Structure formats: structure tokens, C-alpha cells
Amino acid sequence: MTILGIETSCDETSAAVLRDGVLLSNITTSQLFHSQYGGVVPELASRAHQRLIVPIVEEALKKAGVNKSELDAVAAVYGPGLIGAILVGLSFGKALAMGLQIPFVGVNHMEAHILSNLIEDPKPEFPFINLTVSGGHTQLVLVKHPLDYEMLGETKDDAAGEAFDKVAKMLGIGYPGGPMVDKLAAQGDPKYVDFPRPYLDENSLEFSFSGLKTSVLYHLRKIQFDPAKQNGALVQNLCASFQASVVDVLIHKLIMAAKKYRVRDIAVAGGVAANSELRRRLLERAKKEGLRLFIPKFEYCTDNGAMVAMAGYLKMVEGRTSDLELTAEPNLELQ
Ligand code: KG4
Ligand code: ZN
């Protein structure tokens, strides 16, 4: 079964080809021009997807050595995300499936992030706990079987990646902030400022990062921080201290969930899974707790077509195709 997967829910235009669960190609273009605005501009994202979708799909097919006529199904994200951005990939995917007279499969973007753990070997065994940490979401999910999930906790306000991006903006180090904070923190002292660890109540699997962001803001006001007169060591120490707080909370809740649900395998997906401190400390902790840790390769952590093709493949196997009347759902929940 050969599937084309399409992802256009935010600022990455991506397409991938998967055959019988094996990835043949994954082509992604990140719309870097948003950085000059300090965040993703939805209208510009849609227009860029419109320009990029045909060449990206053609490149994915070419790299896979697959002709359109060999496709058995087309999968595309229908939510959650930016409505105008989703509509480009969704409409293109539906039209292509219609033209080729093959099934169309609508995919939930958050479900696809979870299934990015199944793209490469070794793969986690079911049931496992997955933590998806991206610019728009922070979700802790019990994955019972492919396509069978139980939501254990979500963020009540900012997503983890959003907190990285907002703190980076306050420090004047650019957008997207996560990779910059990660890089600068490597040279800083994580104990420089003891920022709060937002655990909420002791047993809660929910997250909240907006208070931490406000603590950073108050601290910067207190020390009269001026991004224009950046002191390199100070910024490195602030990045390390902020990052330590986020990483402490993410690890604490993921391990707590693994113990509560007695699973052996844990996984992390989404852009923040690229964070080097999170990876290093989580690996150490998982070893200590006797858990197996899975984190996809970077290109499958950030938004990508491969995870959409994987979700589409698993849905096809179960005969769960979609109606061509399926519309974009910007606030789609994980079912
Ligand atoms: O999954 P993703 O590509 O897009 C969304 O669906 O949101 O995640 C992007 C997020 C951004 O907030 C970015 O700052 C963050 O992932 N990110 C990181 C790192 N690399 C990307 N955060 C912390 N450390 C990193 N190395
Ligand atoms: Zn995403």
C-alpha cells in the first residue's frame, strides 16, 4: 500500500511517501521568512503553502521513485492548526485523491505527532506514554494501540515551545526561540536564577507555562534587562535557568505518568523534543527508572509529511478513510 502524506497545518510545507509502513521520502520546507515578524503570520503561511505544495509533492514522489498512478491513498492533515494553512494541504489532497480515484484519509495533526515514533526502528511497544511538546501543544497521552489514545494531561495555557519562543523574544534572541535558547543555555548556569517549577498540584498530569514566562518577565524588569545591551553571559545564564525549569517539569510529569500507568516505554514528539538538555536528562532518568525512551529523529519531531503518511497508512489498514466533504477543523481534539 503506497500512501502520500501531506502536512500544511502551520509554517512547514511537507510531503512524504510511505509504502507498507516503510518511508520512501520526506520533503519539508520551513517558511523561515516568518522570523522577521517574530512569529507565524497565518495569511502569509497560507500563501506560501499555495506556492510550495505542488513542487514539494512532486519532489517527494520523485525521491521515492513513485508515480502518482501507483498511489493507493492520499492523507492530509485536517486539524488542529491555522485554518487557511490547513485548507491548502487538505484541498490539494482531496483533489488529488479525487482525480486519481483513490481513497482520501484525513489525519489529526496531534495523532500524527504521536505516530512519528513508529517511522523508524526501534519502535515503542504498546501501550506507551507519549509526550508531544511543540509550539502549539503540550500533551501527555497513553497510547494503547495505534489509533487508540487516552489524553492524560494538556497545557492549561501556553505550550512548552510557545514558552521558549516568548522568553527568547523577551531576551531579544530571535524566532523561533527554542533552538536559540537551547544553544545559549549550553554555556549557562541553570542555577543562576531559581525560576518556579509549575507542577500545579502534586499528582496533576496537566501543564501550565504562562506563570513561568511571567516570572522571567518580572525578573528581567527587576534587573532592568535591556536586550539592546546584551551581556552574553547573563543571557546564557537566563536561558539555562528558564530551560531547567521547563525540562524539570516535562520529565517529572512524563515519568509520573509512566509509573501511574505501569508502562515500560516512553516517547517524546514535537519540535521541543529536539531540545538537547531535555534529551540528555530524560535519557539519564529513563535509564535510572528502567524505562525505554524513544525520540524520533529531528526531521520527524518538527512538522513533517512522514508522520501524516504513517497515520494515513494505519487508518487505511483499518479501513478508516474519509469523506471528501471533510473540512478543516482548526481546534480539532485528539479522540
Ligand atoms: O512541532 P513544531 O515544529 O511545530 C508545531 O507544531 O508547533 O514545534 C516548533 C516548536 C517551536 O516553539 C520551537 O521553538 C520549538 O519547537 N523548538 C525547540 C527546539 N527546537 C524547536 N524548543 C526547545 N529546544 C529546541 N532545540
Ligand atoms: Zn506540530
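Computed from a predicted model, the values in this text were never measured in an experiment.
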Problem - CA sep, side-chain torsions, deciding dist, call: I251, R281, side chain to side chain contact (heavy atoms under 4.5 Å, CB included) - result: CA-CA 8 Å; I251 294 181; R281 287 189 37 210; 3.7 Å; yes
Exercise for the section: Assess whether atom CZ of R47 is packed by more than 12 heavy atoms of other residues, nucleotides or ligands within 6.0 Å. Expected result: no
Handout entry: Interatomic distance, Y192 atom OH to N237 atom CG [nearest 0.5 angstrom]
Key = 6.0 Å
Exercise for the section: Indicate whether any N or O donor in one side chain lies under 3.5 Å from an N or O acceptor in the other, for Y300 and E120. Expected result: no
Fill in the blank from the handout: Here the gap from E329 atom CD to N331 atom CG, rounded to the nearest 0.5 Å, amounts to 9.0 Å
Handout entry: Reported CG-to-OG1 distance for the pair L140 and T155, which is rounded to 0.5 angstrom
Key = 12.0 Å
Practice task
Please check if the side chain of H49 supplies one atom and the backbone of G84 the other of a donor-acceptor pair under 3.5 Å.
Solution key: no
Problem - Check: P296 and S116 side chains under 4.5 Å, non-hydrogen atoms - result: yes
Practice task
State, with a plain yes or no, whether a side-chain heavy atom of P127 is found less than 4.5 Å away from one of L142.
Solution key: yes
Problem - Any donor-acceptor N or O pair under 3.5 Å, side chains N304, E299 - result: no
Exercise for the section: Kindly determine whether S9 and E7 satisfy side chain to side chain donor-acceptor pair (under 3.5 Å), including the steps that lead there. Expected result: CA-CA 6 Å; S9 65; E7 157 64 43; 2.6 Å; yes
Exercise for the section: Show your working on side chain to side chain donor-acceptor pair (under 3.5 Å) between E154 and Q139 and close with a plain yes or no. Expected result: CA-CA 5 Å; E154 286 188 86; Q139 295 186 339; 3.0 Å; yes
Handout entry: Short side-chain to backbone donor-acceptor contact, D323 and L326, under 3.5 Å
Key = no
Problem - Between H137 and T132, a side-chain donor and acceptor under 3.5 Å - result: no
Exercise for the section: Please tell me if the side chains of Y313 and L115 come closer than 4.5 Å, counting only heavy atoms from C-beta onward. Expected result: no
Exercise for the section: Please work out whether the ring planes of H113 and H109 are parallel, tilted or perpendicular, with thresholds of 30° and 60°. Expected result: perpendicular
Problem - Spacing of N117 atom CG and N130 atom CG [to the nearest 0.5 Å] - result: 5.0 Å
Problem - Sub-4.5 Å side-chain heavy-atom contact between L147 and K315 - result: yes
Problem - No-hydrogen, no-angle side-chain donor-acceptor test under 3.5 Å, E277 and Q243 - result: no
Exercise for the section: Would you mind reporting whether I173 and V235 have side-chain heavy atoms less than 4.5 Å apart? Expected result: yes
Practice task
Quick one: do K213 and F242 satisfy side chain to side chain contact (heavy atoms under 4.5 Å, CB included)? Show the steps, please.
Solution key: CA-CA 9 Å; K213 174 194 70 191; F242 159 75; 5.9 Å; no
Exercise for the section: Look up atom CG in L291 and atom CZ in R285, then write down how far apart they are to the nearest 0.5 Å. Expected result: 9.0 Å
Exercise for the section: In sequence, state the C-alpha distance, the side-chain angles, and the governing distance for L238 and L220, and then conclude on side chain to side chain contact (heavy atoms under 4.5 Å, CB included). Expected result: CA-CA 9 Å; L238 291 169; L220 296 183; 3.6 Å; yes
Handout entry: ring-ring contact (aromatic ring centres under 6.0 Å, His included) evaluation trace for H219 with F195
Key = CA-CA 9 Å; H219 182 81; F195 288 124; 5.8 Å; yes
Practice task
State plainly whether the residues E284 and R280 are in salt-bridge range, i.e. N to O under 4.0 Å.
Solution key: yes
Handout entry: T8 side chain near L87 side chain, heavy-atom distance below 4.5 Å
Key = no
Handout entry: Contact check, side chains of L171 and F225, non-hydrogen atoms, under 4.5 Å
Key = yes
Problem - Side chains of T28 and S14, donor plus acceptor under 3.5 Å - result: yes
Exercise for the section: Starting at CE of M151, measure out to CD of E206 and round the result to the nearest 0.5 Å. Expected result: 9.5 Å
Exercise for the section: Determine whether V249 and F207 make a side-chain contact, defined as any pair of heavy atoms from C-beta on separated by less than 4.5 Å. Expected result: yes
Problem - Audit row: I6, L90, side chain to side chain contact (heavy atoms under 4.5 Å, CB included) steps and yes/no - result: CA-CA 8 Å; I6 298 171; L90 177 63; over 6 Å; no
Fill in the blank from the handout: Applying side chain to side chain donor-acceptor pair (under 3.5 Å) to S208 and not counting sequence neighbours gives D157
